[in-house]
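Take a look at the structure set out below.
Here is how names work: the chains are called A, B, and so on, in the same order as the sequence lines, proteins then strands, and each is numbered from 1.
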Number of protein chains: 2
Amino acid sequence: MTTMKEIAHRAGVSVSTVSLVLNNRDEGRVNADTAANVRAIAKAMGYRPNPLARSLRTSRTRIIGFVSEEIATTPYAGGIVLGAQDAASELGYMMITVNTDGRANEERQLAALKRYGVDGFLYAKMSNRVTTAPGGIAGYPTVIVDAVDGSGGIPSIAPDETRIGYDATRHLIDAGCRRIAYVGCAEPMLAEGLRLEGYRSALRDAGIEPDDDLAIRVWFNQPALDAVSRLFDERHPDGFFCFNDARAWYVYECAARRGLVVGRDVSVVGVDNHRVIAETFAPQLTTVELPHYEMGYWSVCRLVSLIEDRPLDDVTPPRTTAPLPPFDADGPVSIHCTLIEKDSVAHHAAA
Amino acid sequence: MTTMKEIAHRAGVSVSTVSLVLNNRDEGRVNADTAANVRAIAKAMGYRPNPLARSLRTSRTRIIGFVSEEIATTPYAGGIVLGAQDAASELGYMMITVNTDGRANEERQLAALKRYGVDGFLYAKMSNRVTTAPGGIAGYPTVIVDAVDGSGGIPSIAPDETRIGYDATRHLIDAGCRRIAYVGCAEPMLAEGLRLEGYRSALRDAGIEPDDDLAIRVWFNQPALDAVSRLFDERHPDGFFCFNDARAWYVYECAARRGLVVGRDVSVVGVDNHRVIAETFAPQLTTVELPHYEMGYWSVCRLVSLIEDRPLDDVTPPRTTAPLPPFDADGPVSIHCTLIEKDSVAHHAAA
DNA sequence: TTGTACGCGTTATCAA
DNA sequence: TTGATAACGCGTACAA
């Protein structure tokens, strides 16, 4: 590790001069030639600033604390963490991730992070819900990921759940389906209600009155399979909007047992085709993909813009993928999710 | 953040005395009373050392770098990361996790970690294979997780794959099965060959000559389902040992379509019943559980023992769960996996 | 038994 | 335009 002192020695100048130059504060304060020389030497010696020493002075570490209760418990976490890490890396930040199990060790973990001098926090849930950030976070720049702040005031980023329901249902309507079922999730989740709402709006907008018997909410395993079976036999839906991968499976399974081919006899649109369908039935599910990676990525951009008090456009590295959501709003931000079309929807003229 | 200086001021002593006391270096060097006083004040003021400042002096950060290519791509990662984080937390360490996508940005990420002064590395794969740690890691204390070091010399921790195959097969034999099939994985993996080996040994030990037609290796989806279907129809196995959750699903599905009840008509033992079976068929699969959490936990203990050059027993916090593997060996360590019995195995007298 | 002085690598202030 | 000098919080050799 080469230090400023060594560079100063080699360049025959003082450490302060080196510091000025290497921090680009030499504009009109250091002779252009000496500056160039210092830069050249620094480059030749492969100088990289020591973040610890810098932090000791500036009390800024360029470390972000990623706090979550459920990093380990859901397969989606990976996407968020990865996106966050990528953004952090591109912006010159590091991320320390900690997993809190409930409020128990939460404050202890937060205290540790604070001692390490993190510049801000990402507080992540793994499915959209109303949450309230732990008290210890107060006063630190914070962004809530995949949830909305119950107490208000903290910016958050989450999928636009209503629109997910709307778009999925709309897609089925456009394909000619008229008896569209919703296979929801029996656990109380924000997403559940909102997607149902979107599903209903789409139907109404298309002049179809929602039929409550077509919308069910199921848990897992046999009871879920039984419920979907009844739905098949009693209401004969021609399209299904499924809350998630596991719910879509029940539809695929029921269809298979009745000799119905998904994508020909019945149409299915799901959310976030993650593993179950992909590994069991053919990976053909038309899905609205939850932007986990993007949420992670964008939340870090937003957090850094808070930390460094710079406009968001300024800190956001150029990206070739999806456009940015309207970050300027200081409250919660809903991210639009895109529908990925596979061959689980039969496109035929309207009946 | 209260500092040593403040404590020194309040105690009416110098900073060095405080430092001596708070680092437990006061044995016979500081008056017992002053020491006690200093400790009391430190406690009252809630003193916590500033890790940054300390690191600047000691060039030790108590930060561990967790490096992996696939944190995001597998649902198992969570368990390893969580276990590692727990151990780190209990041992007073922090973990910075980075996800490298191939060798491309790997060295850049490693360089960043090194600049932040990590004390050592965890290099993790998400399924047991022969690997070789990146060059940039050389010279740092390192432990390889869920893989074995190809070039030797670096300690590693991975499941005992052969024994997984042996135990699972043995369990089926003990339950009375005689035509035991192996549904393996067509991808080339270390685990695949080793589990097959264990499967064969168990059969031979029971006086059953392995029948090659009973051991198949499949990919995913329809082709896999077809292969397992043929297996059912042509060889009529009474027991199945399945490489993983997804492979077990094909067996459940084929059984269901033939009216056979798993746990009554056929027996199934799998590995790591993760999500597929649990969310689709009832979560009843008898499995050999891969100790992801334990691997993470133990690897950190081992790494810390390397970093601090202390015997492993010394750094390992007391645990109530499984016993420690034989860490003393300096090469690869195989962790024994335990079989969790659910009701997917029909226990009947041998035919 | 305690305090002084210095260094870790940086940044910031101020005087030259 | 440049360079001492102090400070960030801590650890430690050495002097008192």
Side-chain angles (χ1 to χ4, degrees), chain A residues 1-39 41-42 45-63 92 111-112 114-119 308, chain B residues 1-39 41-42 45-63 92 111-112 114-119 308:
Chain A
M1 285 301 160
T2 97
T3 73
M4 283 192 174
K5 191 195 269 182
E6 294 168 18
I7 297 177
H9 186 68
R10 280 263 277 264
V13 297
S14 81
V15 203
S16 344
T17 308
V18 175
S19 175
L20 279 182
V21 172
L22 263 28
N23 287 304
N24 298 315
R25 300 213 173 297
D26 56 322
E27 188 82 9
R29 308 182 58 187
V30 172
N31 180 304
D33 289 345
T34 20
N37 187 234
V38 165
R39 268 185 253 272
I41 294 184
M45 298 180 72
Y47 171 78
R48 306 262 62 194
N50 179 331
L52 271 65
R54 170 176 285 175
S55 304
L56 191 57
R57 246 332 278 205
T58 62
S59 63
R60 294 255 319 281
T61 53
R62 299 190 82 85
I63 296 180
K114 289 196 268 187
R115 255 182 292 127
Y116 274 87
V118 294
D119 292 339
E308 305 186 353
Chain B
M1 283 301 158
T2 96
T3 73
M4 284 193 173
K5 191 195 269 181
E6 294 168 19
I7 297 177
H9 186 69
R10 279 265 276 266
V13 296
S14 83
V15 207
S16 8
T17 309
V18 177
S19 175
L20 280 181
V21 172
L22 262 28
N23 288 305
N24 297 317
R25 300 218 172 296
D26 58 321
E27 189 82 12
R29 308 183 59 189
V30 173
N31 180 304
D33 288 345
T34 18
N37 187 234
V38 165
R39 267 184 253 272
I41 294 185
M45 300 181 69
Y47 171 78
R48 308 261 62 194
N50 178 329
L52 271 66
R54 170 177 283 177
S55 305
L56 193 55
R57 261 311 296 195
T58 62
S59 64
R60 295 257 317 281
T61 53
R62 298 189 82 85
I63 296 180
K114 289 197 269 187
R115 255 181 293 128
Y116 273 87
V118 294
D119 291 340
E308 304 185 354

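Applying the salt bridge (Lys or Arg N to Asp or Glu O under 4.0 Å) test to residues at least two apart or on different chains, the pairs with a partner in residues 21-36 of chain B are B/Asp26-B/Arg39. Sorted by first and then second residue, the pairs that involve residues 1-16 of chain A and meet side chain to side chain donor-acceptor pair (under 3.5 Å), not counting sequence neighbours, are A/Ser14-A/Ser16, A/Ser14-A/Thr17.
Taking CD1 from B/Ile63 and CG from A/Leu52, the interatomic distance works out to 7.0 Å, rounded to the nearest 0.5 Å. The line from CZ of A/Arg115 to CG of B/Asn50 is 9.5 Å long, rounded to the nearest 0.5 Å. We find the OH-CE distance between A/Tyr47 and A/Met1 to be 10.5 Å, quoted to the nearest 0.5 Å.
Contact of the B/Leu22 side chain with the B/Ile7 side chain is registered, since non-hydrogen atoms from C-beta on lie closer than 4.5 Å.
Residues of residues 12-34 of chain B having a heavy atom closer than 4.0 Å to DNA chain C, listed by number: B/Gly12, B/Val13, B/Ser14, B/Ser16, B/Thr17, B/Gly28, B/Arg29, B/Val30, B/Asn31, B/Thr34. Residues from residues 48-62 of chain B placing a heavy atom under 4.0 Å of any atom in DNA chain C, listed by number, are B/Leu56, B/Arg57.
We find that CE of B/Met4 is positioned 17 Å from C1' of D/dA7, with the value rounded to whole Å.
Between B/Ala11 and B/Val38, the shortest heavy-atom contact is CB-CG2, 4.2 Å.
Using modelled atom types, one side-chain atom of A/Ser55 and one backbone atom of A/Pro51 make a donor-acceptor pair closer than 3.5 Å. A distance-only check finds a donor-acceptor pair linking the side chain of A/Thr58 to the backbone of A/Arg54 [under 3.5 Å]. Using a distance-only test at 3.5 Å, with no hydrogens or angles considered, a donor-acceptor pair links the side chain of B/Asp119 to the main chain of B/Arg62.
Residue B/Lys5 has no polar side-chain atom (N or O) positioned under 4.0 Å from OP1 or OP2 of D/dA7.
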- Query: Going through the distances and angles, do B/Val30 and B/Val13 end up as a side chain to side chain contact (heavy atoms under 4.5 Å, CB included)?
  - Reply: CA-CA 11 Å; B/Val30 173; B/Val13 296; over 6 Å; no

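Fit an axis to the five pairs at each end of the helix from C/dT1-D/dA16 to C/dA16-D/dT1 and the two axes sit 60° apart, to the nearest 10 degrees.
With a heavy-atom cut-off of 4.0 Å to chain A, the contacted part of DNA chain C has its first and last nucleotide at C/dC8 to C/dA12.
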